[in-house]
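Within every chain, numbering begins at 1; the chains are lettered A, B, ... in the order of the sequence lines, protein sequences first and strands thereafter.
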Amino acid sequence: MKNSVIIYNTLTRKKEEFKPLVEGKVGLYVCGPTVYSNSHLGHARPNITFDLLFRYLTFLGYKVRYVRNITDVGHLENEAEELGEDKIAKKARLEQLEPMEVVQKYMNTFHRNMEDLNVLPPSIEPRASGHIIEQQQMVDSILKNGFAYEANGSVYFDVEKYNEKYNYGKLSGRNLDDIKTNTRELDGQSEKKNSFDFALWKKATPEHIMRWPSKWSDGFPGWHLECSVMSTKYLGEKFDIHGGGMDLTFPHHECEIAQSTASQGEEAVRYWMHNNMITINGQKMARSLGNFITLDELFTGNHKILDQAYSPMTIRFFILQAHYRSTIDFSNEALQASQKGLERLMTAVKTLDELVASDKSSVDISALKEKCFTALSDDLNSPVAIAHLFDGVKMINSIKAGTETISADDLSELKLFYNNMIFDILGFKEENSSDTGNNEILNETVELLLNLRKEAKENKEWATADKIRDELNQIGIEIKDTKEGADWKLK
RNA sequence: GGUUCCUUGGCCGAGUGGCUAGGCAGCGGUCUGCAAAACCGUGUACGGCGGUUCGACUCCGCCAGGAACCUCCA
């Protein structure tokens with residue numbers, strides 16, 4: 001915890017020094033996915049961003065409790081609204097599955113994708129469906145405090161009432177008057193006092209499958225309730241950091257603040273962090289816009305706009321090479337650049353093991369370390385940290401080439417530093433090198449061919465040697481001749 | 001329409017009131033039987049018009065273009 005961490009707080013729109021509520025401990029809550037469909041590239045962004053935060057704070061010595069929810073009930077969908085179906089129930093009907101079967105299926109996919117991306121599992125991953133009682137309790141306390149009202153078995157949050165005492169809109173920078181004049185009229189039935197009131201508990205229509213009994217009606221909890229409930233249940237009435245995508249700022253996070261404040265009298269969250277969107281052709285990638293690419297499609301290259309498959313680590317690098325509060329634009333060119341860049345970085349990490357120490361260092365390891373940590377501590381500036389790591393790559397290669405020297409102490413410090421940065425903090429891992437491991441037969445077959453080629457080369461039978469190289473290349477195996485002999489990898 | 005934000009070289013993407021971001025591609029080179037890979041070196045930039053300033057890509061204003069949110073969304 002040597003250098004203090006600065007984070008940008010959406011609440012104040014400023015960078016602030018991070019000071020945890022409890023010395024040495026951090027409570028972190030991030031909005032997780034709604035599991036009714038496959039995870040797409042957009043989902044990779046918050047999970048990687050906050051994985052970096054989780055890893056970095058942990059590295060600095062904080063004990064972090066990271067809570068990331070799974071939304072498996074509740075959120076209403078536009079076209080389904082009239083039928084009173086929620087997203088999960090709607091999808092279930094289309095696929096003839098039990099709602100919980102849909103949830104399980106896509107939750108499994110999400111977990112697999114996150115593991116591929118080397119995103120660490122959170123400390124607690126609560127599900128909305130497992131916290132219905134607690135959600136009802138919060139509705140109760142909001143009602144008791146007079147900031148909600150019941151109508152036809154549903155309970156709505158009384159925004160106007162709340163705004164008399166507190167400030168509705170403080171997070172997203174809106175004020176209620178603006179909202180009043182500019183809210184689109186979408187709500188057909190008006191059992192609500194005002195169109196901007198939101199549901200805390202919704203009465204289920206007869207067709208609605210997912211429902212729970214309550215004193216108000218058989219129904220289901222409102223859209224924003226679960227995060228307020230589960231964050232404070234596991235992190236306390238007041239906790240440090242709440243993260244999520246920028247698109248959730250309003251209304252989701254605004255409503256969370258209102259709910260927590262209305263039920264407990266004060267806000268729960270101290271620092272709000274929001275990651276920006278991934279765009280494609282300059283437009284947000286979203287399911288509702290139909291321009292998304294699933295993570296599985298990216299990993300396999302199985303999508304019409306993809307020139308090739310991109311590995312999970314390439315995606316991770318692509319995301320970390322931009323600052324989390326900037327948009328990043330998807331393109332094949334950008335992804336390919338990321339792939340090459342990451343290869344260069346990882347090659348240098350391997351080169352570290354080949355370096356030979358000298359008596360003295362001509363390079364400054366501490367300065368390099370300092371720059372990287374300063375960047376990360378400055379609102380998680382991973383692109384600048386990575387840029388410095390590339391300066392280090394040049395340094396490593398120069399030491400190998402003999403134009404720079406390094407002492408034994410500095411060398412072990414440099415190795416430890418790159419291990420910490422690359423693997424522990426940025427969260428990269430080795431992937432698809434020649435030791436494919438999972439395929440012993442392939443390994444041995446290629447080794448056999450490479451030996452044949454080596455013999456041919458020794459006999460100057462260039463035609464045979466080239467034939468082996470070219471034909472392996474055609475079936476997707478790339479040969480790299482190095483000084484130590486031939487290496488290969490799957491393309 | 002309202003709120004907030006963005007516009008950097010062929011592509012992606014940092015950053016700063018005066019000091020090389022970085023990656024990819026391109027170009028030149030080293031290595032190699034040839035090639036690939038790897039490594040080294042290298043050019044090009046801050047949407048337009050005004051203003052503030054000794055000095056602006058960086059601050060202010062206007063204009064143009066784009067985005068997010070205002071509705072489920074990462």
Kindly assign one of parallel, tilted or perpendicular to the pair [X] and [Y], based on the angle between their ring planes and the thresholds 30° and 60°.
X	Y	result
A:His224	A:His252	tilted
A:Phe292	A:His40	tilted
A:Trp272	A:His274	parallel
A:Phe417	A:Phe373	perpendicular

Separation between the [atom1] atoms of [N] and [M], rounded to whole Å:
N	M	atom1	value
B:G50	B:A56	C1'	14 Å
B:G13	B:C6	P	15 Å
B:C40	B:G33	C1'	23 Å
B:A67	B:U8	P	14 Å
B:C27	B:A37	P	12 Å
B:G55	B:U16	C1'	14 Å
B:U20	B:A14	C1'	13 Å
B:G61	B:C24	C1'	38 Å

Counting only distance, no hydrogens or angles, is the base of [N] paired donor-acceptor with the side chain of [X] under 3.5 Å?
X	N	answer
A:Arg13	B:C5	no
A:Asp487	B:A37	no
A:Lys284	B:C73	yes
A:Asp378	B:G15	no

Regarding [X], tell me which of base, sugar-phosphate or nothing describes its non-hydrogen contacts under 4.0 Å with the strands shown.
X	answer
A:Gly173	sugar-phosphate
A:Asn47	nothing
A:Leu248	sugar-phosphate
A:Gln339	nothing
A:Ile328	sugar-phosphate
A:Ala334	sugar-phosphate

Dot-bracket pairing map - RNA chain B, Watson-Crick plus G-U, both contacts under 3.5 Å, | cross-strand
(((((((..(((.....[...))).(((((.......)))))....(((((..]....))))))))))))....
Check every atom of [options] against the side chain of [X] and return the nucleotide holding the closest atom.
X	options	value
A:Asp466	B:G33, B:U4, B:C70	B:G33
A:Arg453	B:A38, B:A35, B:A74	B:A35
A:Arg469	B:G13, B:C34, B:A68	B:C34
A:Asp247	B:A37, B:G33, B:C73	B:C73
A:Asn275	B:A74, B:A21, B:G13	B:A74
A:Phe250	B:C12, B:A74, B:C69	B:C69
A:Pro46	B:A74, B:A21, B:G13	B:A74
A:Glu478	B:G23, B:A74, B:A37	B:A37
A:Trp462	B:C69, B:C11, B:G33	B:G33
A:His43	B:C11, B:A74, B:A38	B:A74

Any side-chain N or O of [X] less than 4.0 Å from the OP1 or OP2 oxygen of [N]?
X	N	value
A:Arg325	B:G13	no
A:Ser326	B:A14	yes
A:Asn397	B:C40	yes
A:Arg344	B:G23	yes

Between A:Val73 and the options A:Trp212, A:Phe220, A:Trp223, the side-chain contact (heavy atoms from CB on, under 4.5 Å) test singles out A:Trp212
Checking side-chain contact (heavy atoms from CB on, under 4.5 Å) between A:Ile7 and each of A:Asp378, A:Ile241, A:Leu380, which is the one that passes?
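Looking at A:Asp378, A:Ile241, A:Leu380, the match for A:Ile7 under the side-chain contact (heavy atoms from CB on, under 4.5 Å) is A:Ile241.
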Contact nearer the 5' end of RNA chain B, comparing A:Cys31 with A:Phe330:
A:Phe330
Judged by each residue's nearest nucleotide on RNA chain B, which is more toward the 5′ side, A:Met395 or A:Ile278?
A:Met395
Counting the benzene-type ring for Trp, do [X] and [Y] have ring centres under 6.0 Å apart?
X	Y	value
A:His131	A:Tyr234	yes
A:Phe428	A:Phe423	no
A:His242	A:Tyr271	no

In whole Å, what is the span from the CE atom of A:Met285 to the P atom of B:C72?
22 Å
Just how far is it from atom CZ of A:Arg127 to atom CE of A:Met107, taken to the nearest 0.5 Å?
4.0 Å
